[in-house]
Amino acid sequence: MATKRKNVPPPPSNKAAFEEYVQRGWASPFGLDYVFVLNPQFRAPELVSAYGGTVGIRWVNFAQIKWSSIEKTAPKDNRHTYDWTALDDGVREWQYFGIHIMMSLINYNSWATASPNTKENVYLKGPLKWIQQFSDYLPKPEHRQDFRDYITSLVERYDGDGIDDMPGLLFPVLHYQLGNEYDNELFWAGTVDEYLIYLQEGYLAAKKANKDVKIILSGVNFESPTGFYEKTLSPRESQFFRMALPQAEKHMVDLSARMNRFSTKTVAACKYYDILDIRWPFYGKIKHGKRLLQKYGCKDKEIWSAEAYSQFPLLVPPVIATALHPYPTPSKSKEYYRILKNRRSPLFEKVNAWYRGLQAAYVVKQFMAGLSAGTRKIMMGWGFDGQSVLAPYPMAVDGLYSGTYKKLWPAGHTFKVMIAELNGITLCRRLSTPDYVYVYECTVRNGEKVLVAFYDDHIGQNLDEPLGHTRLQLPFRAKSAKVTHIITTIDQMEPKVEQVQTRHGKLPLTLTEYPIFIQARHR
C-alpha cells in the first residue's frame with residue numbers, strides 16, 4: 001500500500017499557494033543535512049513526509065552526489081551517458097513538500113580521476129594511505145573537459161530555465177557545494193593549490209549553465225578554539241579544552257593545523273565561490289569566518305553552516321579544536337554510549353529517554369548560537385540514526401529520525417516547534433543576561449519578537465545528576481506571555497504551552513537546560 005503524504009505545506013496542485021510557500025522558504029535558515037539521496041532509503045516517502053510534512057523543514061542538503069554514480073563510464077566519441085534516475089526521483093520527492101535543495105558533490109570517478117601526487121600525509125599513512133586513492137582529486141588531463149561538461153550538465157538539468165530541465169522539476173535548484181571538507185586529506189587527496197584549480201574550473205562550468213547558480217565552499221574548519229555562545233572561550237570551556245587537548249593524538253593535532261591552513265587559504269579565493277560554509281554553527285567560529293572574509297575583501301559572501309550534528313556530545317572529539325563542545329561531556333559518557341547502541345541493555349530505555357531530551361535541547365542551542373552570529377542557513381543532521389552495535393559514533397545516536405523505530409525523535413519534533421515559532425525569522429540577537437542565562441530576541445513575522453531562553457552552566461551532568469536551572473525576572477512589557485516548551489519526551493507530539501503573567505514589568509521564569517519560546521500576549 002502506498003504511503004499517504006502529509007500535505008502540511010500546500011500541494012503543488014495548488015499552484016499559487018505552493019509557489020508562495022516555496023518563495024517564503026528561500027530565506028528560511030531551517031535545513032536538514034546528511035540526506036544521501038542516491039540511496040533509496042533517503043527517498044522513501046515516509047521519511048520525506050516526516051521532514052517535509054511534519055517537521056516542515058525548508059532546505060535539505062543532498063550529500064554525496066557522486067559523479068561516478070551518474071556517469072559510470074567514460075564518454076565515447078565525446079558523447080556522455082548520464083543516468084539521472086535516482087537524483088531525479090530524489091528531487092521530485094523532496095520538492096513535493098516545497099523544500100529547497102543544495103547538493104554536495106563528490107567527484108571521484110575511477111575512469112576520470114588522476115592519481116594524486118601526494119607527499120607525506122598527516123594521518124593517512126602506512127596501510128591507511130590506500131584510502132586516499134578513492135578521495136576527490138583533479139581529473140586526468142584528458143578528462144578535464146569531461147568534468148566541466150558534467151558540472152554544466154548537472155546545473156542545467158535542475159536550474160529551471162526551460163533548457164534541458166528535469167521532467168517534473170517544480171522550481172530551480174541553484175546551490176552546489178564542490179566537495180566536502182577538502183581541508184581533510186580523507187576527502188581531498190591534493191594540495192590546497194590543486195584544490196583552487198579544481199574550484200575555479202567547477203565554478204566556471206556551473207556558471208556557464210546558469211549565472212545565478214551559487215557555489216558553496218567545501219566546508220571549512222579553524223584551528224583556534226572559539227566559544228560556543230561567544231567569540232572566546234568561557235572559563236569552563238577553557239578548562240574543558242585544557243583537559244581534552246592532551247588526549248588528542250599528535251597526528252590529529254597536526255591534522256587540525258593542516259585543516260586551518262587549508263581553510264584559511266581557500267576562504268581567500270572568494271572570486272570562485274558565493275557562499276562560505278563554516279563547520280560548525282558555533283558563535284566564535286562564525287565570527288572568525290566573518291573576520292577572514294573582511295580581511296580578504298570578501299565581506300559580501302553569505303555564511304552558511306551546511307553541516308551540523310544534532311547529537312548531545314558524549315565522546316571527546318578526536319580533533320579537539322575543530323569540534324569543541326560547549327561543555328564537558330558527562331563523566332559516564334562512554335557507558336551511556338555503549339547502552340545507546342545496545343537495545344537489549346536493561347538500561348536502554350532509561351538512558352535513551354534521558355539522551356533524547358538533551359539532544360532536543362542541543363538542536364535549539366546550536367541554532368541560537370549560529371543565527372545570532374550571522375550564519376544564514378543551518379543544515380542540521382543526521383537524516384536518521386540506527387542504534388546498532390555496529391554503527392559508528394555519532395551516526396548511531398544523532399539522528400532526528402529513528403531508522404530503527406521509524407519515527408521522529410524528540411529532537412525532530414522540537415525542530416518542528418522551533419520552525420513554527422520562528423517562522424519568517426529575519427534577525428536573532430542575544431540579550432544581556434546573568435552568567436549561564438541565555439535569552440535571544442528573534443524578529444519574525446511582521447516584525448514580531450519571539451524570545452528563546454534557557455540556562456546552560458557548561459557542565460555535562462550524568463543521568464543521575466540534576467540539570468542546572470535558575471530563576472529569572474525577565475523585563476517584559478506585555479501583560480502576559482505565551483510560553484512554549486520544547487519537546488523532550490519520546491512519542492510526545494505537541495509541546496506544552498502555558499500563559500505566564502507579568503508582575504511589575506517582569507516575567508517570572510524558571511529556566512532549565514531545555515529552551516522555551518516566549519511570545520507577548522497583550523490582552
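Remember, it's a predicted structure, so these values are computed and weren't measured experimentally.
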Worksheet entry | Sequence-distant partners of Tyr82, ring-ring contact (aromatic ring centres under 6.0 Å, His included), two or more places apart |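 Only His80, Trp84 meet the ring-ring contact (aromatic ring centres under 6.0 Å, His included) criterion with Tyr82.
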Discussion item. Just to verify, what does Phe187 make a ring-ring contact (aromatic ring centres under 6.0 Å, His included) with, not counting sequence neighbours?
Written reply: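 So Phe187 forms no ring-ring contact (aromatic ring centres under 6.0 Å, His included) with any residue.
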Which label fits [X] and [Y]: parallel for a plane angle under 30°, tilted from 30 to 60°, or perpendicular past 60°?
X: Trp304; Y: Trp59; answer: perpendicular
X: His288; Y: Phe222; answer: perpendicular
X: Phe228; Y: Phe282; answer: tilted
X: Tyr108; Y: Phe134; answer: perpendicular
X: Trp111; Y: Trp67; answer: perpendicular

Donor-acceptor contact present, side-chain [X] to main-chain [Y], <3.5 Å:
X: Ser135; Y: Leu186; answer: yes
X: Thr152; Y: Ala205; answer: yes
X: Asp77; Y: Arg79; answer: no
X: Lys406; Y: Gly403; answer: yes
X: Thr266; Y: Ser263; answer: yes
X: Ser310; Y: Val363; answer: no
X: Gln95; Y: Leu170; answer: yes
X: Thr375; Y: Ile303; answer: yes
X: Tyr195; Y: Leu138; answer: no
X: Asn260; Y: Ser256; answer: no

Distance-only donor-acceptor check, side chains [X] and [Y], under 3.5 Å:
X: Asp193; Y: Thr191; result: no
X: Glu307; Y: Asn61; result: no
X: Gln177; Y: Asp277; result: yes
X: Tyr137; Y: Glu194; result: yes
X: Arg148; Y: Gln145; result: yes
X: Trp188; Y: Asp136; result: no
X: Asp88; Y: Tyr158; result: yes
X: Tyr176; Y: Asp274; result: no

Under 4.0 Å between a Lys/Arg side-chain N and an Asp/Glu carboxylate O for [X] and [Y]?
X: Glu93; Y: Arg43; value: no
X: Asp212; Y: Lys207; value: no
X: Asp183; Y: Arg261; value: no
X: Glu201; Y: Arg144; value: yes

Fill in: Crowding at CG, Asp300 (>12 non-hydrogen neighbours, <6.0 Å)
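Above 12, so yes.
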Heavy atoms only: give me the nearest [X]-[Y] pair and the separation to one decimal.
X: Ala74; Y: His143; value: CB-CE1, 4.2 Å
X: Gln41; Y: Leu47; value: O-CD2, 3.5 Å
X: Ser28; Y: Arg58; value: OG-CG, 3.4 Å
X: Gly190; Y: Arg258; value: O-NH2, 3.6 Å
X: His175; Y: Ile216; value: CB-CD1, 4.1 Å
X: Leu174; Y: Trp26; value: CD1-CH2, 4.4 Å

Item to complete: Applying salt bridge (charged side-chain N to carboxylate O under 4.0 Å, His left out), name anything that partners Asp254, two or more places apart in sequence or on another chain.
Response: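 Lys250.
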Discussion item. A cation-pi test, strictly: NZ or CZ of Lys15 under 6.0 Å from the centre of the six-membered ring of Phe18 and no more than 45 degrees from its axis. Yes or no?
Written reply: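 Judged by the rule (NZ or CZ under 6.0 Å from the ring centre, within 45° of its axis), Lys15 is not positioned above Phe18.
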Discussion item. Taking the cut-offs as 6.0 angstrom to the six-membered ring centre and 45 degrees off its axis, would you call Arg356 and Trp409 a cation-pi pair?
Written reply: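 Arg356 over Trp409 ring: yes.
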Discussion item. Exactly one of Val364, Ile486, Val452 should register a side chain to side chain contact (heavy atoms under 4.5 Å, CB included) with Met418. Which one does?
Written reply: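 Considering Val364, Ile486, Val452, a side chain to side chain contact (heavy atoms under 4.5 Å, CB included) with Met418 is found only for Val364.
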Discussion item. Would you say that Val91 contacts Met166 through its side chain, given a criterion of any heavy-atom pair below 4.5 Å between the two side chains?
Written reply: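 Answer yes - side chains close enough.
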Worksheet item: Going through the distances and angles, do Tyr182 and Tyr198 end up as a side-chain hydrogen bond (donor to acceptor under 3.5 Å, both in side chains)?
Response: CA-CA 11 Å; Tyr182 278 172; Tyr198 170 89; 3.3 Å; yes
Item to complete: Let me know which of Phe415, Tyr283, Trp280 forms a ring pair (Phe, Tyr, Trp, His ring centres under 6.0 Å) with Phe367.
Response: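 For Phe367, the ring pair (Phe, Tyr, Trp, His ring centres under 6.0 Å) test succeeds with only one of Phe415, Tyr283, Trp280, which is Phe415.
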Worksheet item: Under 2.5 Å between the sulfurs of Cys270 and Cys298, yes or no?
Response: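 Correct, these two cysteines form a disulfide.
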